[in-house]
2 protein chains.
Amino acid sequence: METTWETELRTAGLRVTRPRLSVLGVLAEHPHVDADTIATAARTVHPSISPQAVYGVLKALVGGGLARRIEPAGGPALYELRVGDNHHHLVCRGCGVVADVDCVVGQAPCLSPSETAGFAVDEAEVVFWGLCADCQVARRTHGYGTNSTTENSAIEEGVGA
Amino acid sequence: METTWETELRTAGLRVTRPRLSVLGVLAEHPHVDADTIATAARTVHPSISPQAVYGVLKALVGGGLARRIEPAGGPALYELRVGDNHHHLVCRGCGVVADVDCVVGQAPCLSPSETAGFAVDEAEVVFWGLCADCQVARRTHGYGTNSTTENSAIEEGVGA
DNA sequence: CTCTTGATTTGACTGGATCAAAACAACAGG
DNA sequence: CCTGTTGTTTTGATCCAGTCAAATCAAGAG
């Protein structure tokens, strides 16, 4: 598998280094994670990696088109490997879990606002806010979100496609 | 005009204070501004207002449903008075200008992802990214975005409805 | 006018992210 | 295989938006 990443890195004109492979490994296992979680997870594979190195790697990956950065309001930025297929996200207000959703209605509608006001639009970003299944249960059970504040990153869930 | 805001504040169960009226005044003139710009502008009317007071006021306004907070990726949070009508935003990658757009296709489509993955969705946030008219010209003229970095807030532009 | 309660001020602090310079490693060429 | 160049990683400092807590102050009820 790593061979694939090596190829992709080279194709993007990036050198193949241990930190980069570690980060790619983490991203492959966890679809939506923040920089800090990536650093922690990557350290199990490559102990000496520093948080700043992770930022550098992520910047390089995003720049090279291997990863995508998403920034849900009110939280740290998350990174994912799914690039190229324009898909959107479901974010849980309770625990911060992010799930993928394929483009809402086919392909085109997402990219055409009624009035562009002179803007040259190149991307439509759609974020659905709500409560994930777990948080709905928690809220009904304990009266108010309980398992919420504890872990609001590092968790992930893949759905679309 | 202030009378209206006084009424709205009271209706929301909030006290009518000078800082609040100042902030509302700024928001009425500038549809999409960040907290810092609001503080600066409000100071022309009420010199002694502190940045933290602005955060407090904004929090109160958002909590009371008088203002809405939007957080475009990569920039500080912006605030606007248009609440209740679900409209979306066009953000310029060059200068950060934000313009309003009415709901893409009528009302409903915005709220139905193809797969909810068990989520109870309550809001669909749509952000269109692109280049505003000015930045398109600037980019074509100077080869690369020029008037960009200088002012990326405090500017605003109203369009939809 | 006075009192209560909520709002503002002041000042310190957090967390995510960026920057710059120095140490280091990938990989092309000999 | 060895060497040099150049892009990466490290280290450490720094920035900015935003938050928190205690003290002061003013809105509005009585």
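In this text, all values refer to a predicted model and were calculated from it rather than measured experimentally. Protein chains get the first letters and strands the later ones, always in sequence-line order, with residue 1 at the start of each.
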Sugar-phosphate, base or nothing in reach of B:A60, heavy atoms under 4.0 Å: nothing

From CA spacing to verdict: side chain to side chain contact (heavy atoms under 4.5 Å, CB included), B:R82, B:R68: CA-CA 7 Å; B:R82 281 185 64 176; B:R68 195 153 87 92; over 6 Å; no

Side chain of B:A53 - closest among D:dG28, C:dT9, D:dG18: C:dT9

Check: B:G74 main-chain N/O paired with A:E71 side-chain donor or acceptor under 3.5 Å: yes

Minimum-distance nucleotide (side-chain atoms of A:Q52 versus C:dA7, D:dT9, C:dT18): C:dT18

Distance in angstrom units between B:L78 CG and D:dC16 C1', rounded: 15 Å

Protein-nucleotide distance (B:E71, atom CD; C:dG16, atom P), rounded to Å: 14 Å

Atom-pair distance (CD1 on B:I49; C1' on D:dA26), nearest Å: 14 Å

Nucleotide of D:dA26, D:dT8, D:dT19 approaching B:R15 most closely (side-chain heavy atoms): D:dA26

Minimum-distance nucleotide (side-chain atoms of B:V16 versus C:dT9, D:dG28, C:dA17): D:dG28

Any A:K59 side-chain N or O less than 4.0 Å from OP1/OP2 of C:dC19: yes

Non-hydrogen side-chain atoms of B:E125 and A:H88 separated by less than 4.5 Å: no

Selection from C:dT18, C:dT9, D:dG18 that lies nearest to any side-chain heavy atom of A:R69: C:dT18

Test side-chain contact (heavy atoms from CB on, under 4.5 Å) applied to B:L24 and B:T4, B:V57, B:L9, the passing residue: B:L9

Short side-chain N/O contact from A:S50 to OP1 or OP2 of D:dT10, under 4.0 Å: yes

Between P of D:dT8 and CG of A:L9, the distance in whole Å: 10 Å

Side-chain N or O of B:T17 closer than 4.0 Å to phosphate OP1/OP2 of C:dG6: no

Selection from D:dT9, C:dT8, D:dA17 that lies nearest to any side-chain heavy atom of B:Y55: D:dA17

Spacing of B:W5 atom CH2 relative to D:dA27 atom P, expressed in whole Å: 18 Å

Nearest-nucleotide comparison on DNA chain C, the residue closer to the 5′ end among A:R18 and B:R20: B:R20

Of the listed nucleotides C:dT9, C:dA17, D:dT10, the one nearest the side chain of B:S48: C:dT9

Salt bridge present between B:R93 and A:E123 (N-O < 4.0 angstrom): yes

5' priority, DNA chain D, between B:G75 and B:L14 [closest heavy atom]: B:G75

